[in-house]
Amino acid sequence: MFRRGMAARLACAAACLIAASALAPSHAQTLTMRSALARALAASPRLTAAERDVGIATGQRIQAGALLNPELSYEQDDSFGSGRYRGTRSAETALQISQAFELFGKREARIAAGAAGVEVAAIQRKAVRLEVLSETAIAFLSVLGAQRRIQILDEQIAAIDRLTPLLRRRVEAGASSPAETGRAEVASALVKADRERFKATLASARRELAVLMGDASAKFGEVSGRLETTGRPPTFQAVVAAIDANPQLVRWTAVYAQRNAELLLARLKPYPDVRIAAGWRHYSETNDDAVRLSVSVPIPVFDQNQGNILSAQESLAKTKAEREANRNALIVIAGRAYDSLQGSLRELAVLREIAIPKAVEASEAISQGYGQGRFTLLEVLDAQASVTQARLREQEALQNFHAGVATIEGLVGNPFTLARESAR
């Protein structure tokens, strides 16, 4: 009876655990680059702010095209005085409506400036989108690289631990000193200390990636991707030529159009507008009515808007210099990234063609010789450390290479051919 009751309780508990696990969100889901980029675009407050800027500019464009409102006025003369003008018996009242008409294309210039402002905001939104994608890709690569470095250190720790049985047998046989056991333990502990340091780096990288995806902490498991495959980038001249298509530079065309429209508007402002009014006047003494018409035109004698015209001219002339400064800054960033990925390619060639194969070959030979008593434990540990350091350098170079690619792709707005060849 007790066993049946215990079995029933265990079955119920198991069912509850299964149901809870089915309902609870999975925090150990593997994250891919594509998923990280999609989540970052959906959660980026910078991109949301850029979209609001488009809405703000759209509202300003709509307002720029609004017509001036008419004015309604009421006048009363010859009333509330003395004598015959006591009260309102001799009052003259007028009801008038007036409308100002903008001439010389002022409204059209405002609309053009507003439309250019919308285009500027829309292009800037594209630039922010590229920045978010590039930053997220680099953060993803940092997590992926840190994961791989920890795996490499785990492999070294396992290799040292595999020496322990052999080391003990050698000590028991009198072929090695008992102090070598402690030396192996120290070597393993030092590698474990390095692993803890890389774990802290991984935790920071995971948090940075999580924040970019809209989470305060990492709610994903490992990230999946390959850093091993590389490819040859295009020439730097091709990169510089492609930078001209970057939204940060394209937007200056729209900025120029906007400032040109603002200059035109400043030049048109001194030209007078016409205000036409029509009204009705009533004469209380004779009980007669009459129509009242008026036309008014301001005379631009004192204020001809010269200051605003000069300011608009300088702002327009400043646009070209601002674009060139922006372009130079992008070229510098692209140059650093390009030099980094080119240097990483050369470093990888040395590591893969010479350093890693030779280190692995030497480590295997020394490990076999150690079992035969031809090498010391120190030589074995040193050979293993050389393999680990070479592989860590390889992972660092791979991460730098792909980070450089992601940076330049964010600047040119298009993926490299090598990015499609690799499996990032």
Side-chain angles (χ1 to χ4, degrees), residues 21 24-37 39-40 43 134-164 181-229 340 344 347-348 351-352 355-356 359-360 363 380-407 422-424:
S21 63
S26 176
H27 295 329
Q29 184 178 5
T30 301
L31 183 68
T32 63
M33 172 78 84
R34 178 174 297 181
S35 177
L37 295 177
R39 290 173 60 180
S134 180
E135 291 172 2
T136 305
I138 293 173
F140 184 93
L141 292 169
S142 297
V143 175
L144 189 58
Q147 284 181 180
R148 181 55 184 151
R149 291 187 183 92
I150 292 174
Q151 292 172 3
I152 292 173
L153 293 177
D154 285 338
E155 292 171 1
Q156 185 182 7
I157 293 171
I160 296 174
D161 292 342
R162 284 195 296 270
L163 288 174
T164 303
T181 303
R183 179 176 292 174
E185 292 175 352
V186 170
S188 178
L190 290 176
V191 179
K192 289 178 181 178
D194 288 339
R195 182 180 60 181
E196 293 304 316
R197 178 163 52 86
F198 280 117
K199 282 185 177 181
T201 302
L202 175 60
S204 297
R206 285 171 57 85
R207 184 179 300 108
E208 180 180 351
L209 180 58
V211 170
L212 288 171
M213 295 190 301
D215 297 321
S217 59
K219 298 180 180 179
F220 54 88
E222 292 187 345
V223 301
S224 64
R226 293 181 58 192
L227 294 175
E228 290 76 13
T229 307
S340 175
S344 298
E347 183 180 1
L348 285 169
L351 290 170
R352 289 176 169 179
I356 294 178
V360 172
S363 178
V380 174
L381 295 177
D382 184 66
Q384 291 180 350
S386 296
V387 174
T388 299
Q389 291 302 315
R391 288 178 173 170
L392 289 175
R393 287 282 299 272
E394 180 191 26
Q395 290 303 311
E396 182 181 1
L398 285 169
Q399 181 180 332
N400 291 338
F401 171 81
H402 289 287
V405 171
T407 299
S422 68
R424 286 195 298 112

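Because the structure is a prediction, the values reported are computed rather than measured.
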Contacts of Arg393 meeting salt bridge (charged side-chain N to carboxylate O under 4.0 Å, His left out) (sequence neighbours excluded), chain-then-number -> Glu347
The side chain to side chain contact (heavy atoms under 4.5 Å, CB included) partners of Ala383 (sequence neighbours excluded) come to Ser363, Ile366
Residue set satisfying side chain to side chain contact (heavy atoms under 4.5 Å, CB included) with Thr201, at least two apart, ordered chain then number -> none
By side chain to side chain donor-acceptor pair (under 3.5 Å), Asn400 pairs with (sequence neighbours left out) none
Residues at least two apart in sequence or cross-chain that pass salt bridge (charged side-chain N to carboxylate O under 4.0 Å, His left out) with Glu208, listed by chain then number, are none
Hits for salt bridge (charged side-chain N to carboxylate O under 4.0 Å, His left out) against Lys199, two or more places apart or cross-chain, chain-then-number order -> Glu196
Across all chains, not counting sequence neighbours, the side chain to side chain donor-acceptor pair (under 3.5 Å) partners of Asp161 are none
Sequence neighbours excluded, the answer for salt bridge (charged side-chain N to carboxylate O under 4.0 Å, His left out) partners of Arg207 is none
Arg197 meets the side chain to side chain donor-acceptor pair (under 3.5 Å) criterion, sequence neighbours left out, with Asp194
For Gln395, the side chain to side chain donor-acceptor pair (under 3.5 Å) test, sequence neighbours excluded, returns none
For Val360, the side chain to side chain contact (heavy atoms under 4.5 Å, CB included) test, sequence neighbours excluded, returns Ile356, Glu364, Val387, Arg391
Name each donor-acceptor pair under 3.5 Å that joins a side chain in residues 151-158 to protein atoms two or more places apart or in another chain, with its distance.
| from | atom 1 | to | atom 2 | distance (Å) |
| --- | --- | --- | --- | --- |
| Gln151 | OE1 | Arg148 | NH1 | 3.2 |
| Asp154 | OD1 | Arg195 | NH1 | 2.8 |
| Gln156 | OE1 | Thr388 | OG1 | 3.0 |

